[in-house]
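For reference, positions follow the sequence shown, starting with 1.
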Amino acid sequence: MGFFKTAKDVKNLTQHHGGMPSIRGAFKDVAALADDRGEGEVLKNGVACKGIVKGFAEPVPGDKFAMHVPIEVHGAGGAAPYTVDYVFPTTRMKAAITVGMEVPVKVLPDQPERIAVQWDAQQASIAAAGGDMAAVMGGMQATYGGVADQAMRNAQANAAAEDPVKKIEKLTQMRDSGLITAEEFDAKKKEILEAM
């Protein structure tokens, strides 16, 4: 009789748990963690290809055990590169993955939208690249390659070149040093002010 009373007490505790997961909820979570979402089949029967990560891994809304990331697949049966929104169980993730990284994937030939990252090979690739930080920075560099920095420098140069105050100051210096006449100065100043 003691066992059944204890079981009943545990059931009562799980019904009024105050934020703690119920036993049923805990078993559902364990089952969700064990679910590979078909990745085992893809890894077993798929064809090896190259993937390029096109975004950042993000949680799947409403699914606390899954993440998704866009991956561009290259070399799948001679097809042109295509992008897949790769949804994967977080428990499978064994290595860093971020925008710009090249990742080893397998693709089911008859269902090219079904892919799986080869996490063990990704882990080895990161180790060969010098660790997580080096691999992530390499991916970021491959994606952005200083583009943002150069765009900012170009915008600053254009802003300085197009600043009407700076243009008029330069014209004043040119007039005062005798490079242009007072009439040329007035005409150019009027043109700059009208363009504002």
Heavy-atom closest contact ([X] atom, [Y] atom, distance):
| X | Y | result |
| --- | --- | --- |
| Val42 | Arg114 | CG2-NH2, 3.7 Å |
| Thr181 | Glu184 | N-OE1, 2.8 Å |
| Glu39 | Pro89 | OE2-CD, 3.8 Å |

After noting the C-alpha distance and the side-chain angles of Thr98 and Val53, does the key distance pass the side-chain contact (heavy atoms from CB on, under 4.5 Å) rule?
CA-CA 6 Å; Thr98 192; Val53 181; 5.8 Å; no
Nearest-0.5 Å distance, [atom1] of residue [X] to [atom2] of residue [Y]:
| X | Y | atom1 | atom2 | answer |
| --- | --- | --- | --- | --- |
| Gln118 | Gln123 | CD | CD | 13.0 Å |
| Lys189 | Leu171 | NZ | CG | 9.5 Å |
| Leu179 | Phe185 | CG | CZ | 13.0 Å |

Could you tell me whether Lys44 and Glu41 have a side-chain N and a carboxylate O separated by less than 4.0 Å?
no
Is any side-chain heavy atom of Met174 closer than 4.5 Å to one of Lys188?
no
pair Tyr86-Val117: side-chain heavy atoms closer than 4.5 Å
yes
Met67, Val73: one ILVMFWY side-chain cluster at the under-4.5 Å cut-off?
yes
What residue among Ile115, Val105, Val103 forms side-chain contact (heavy atoms from CB on, under 4.5 Å) with Cys49?
Val105
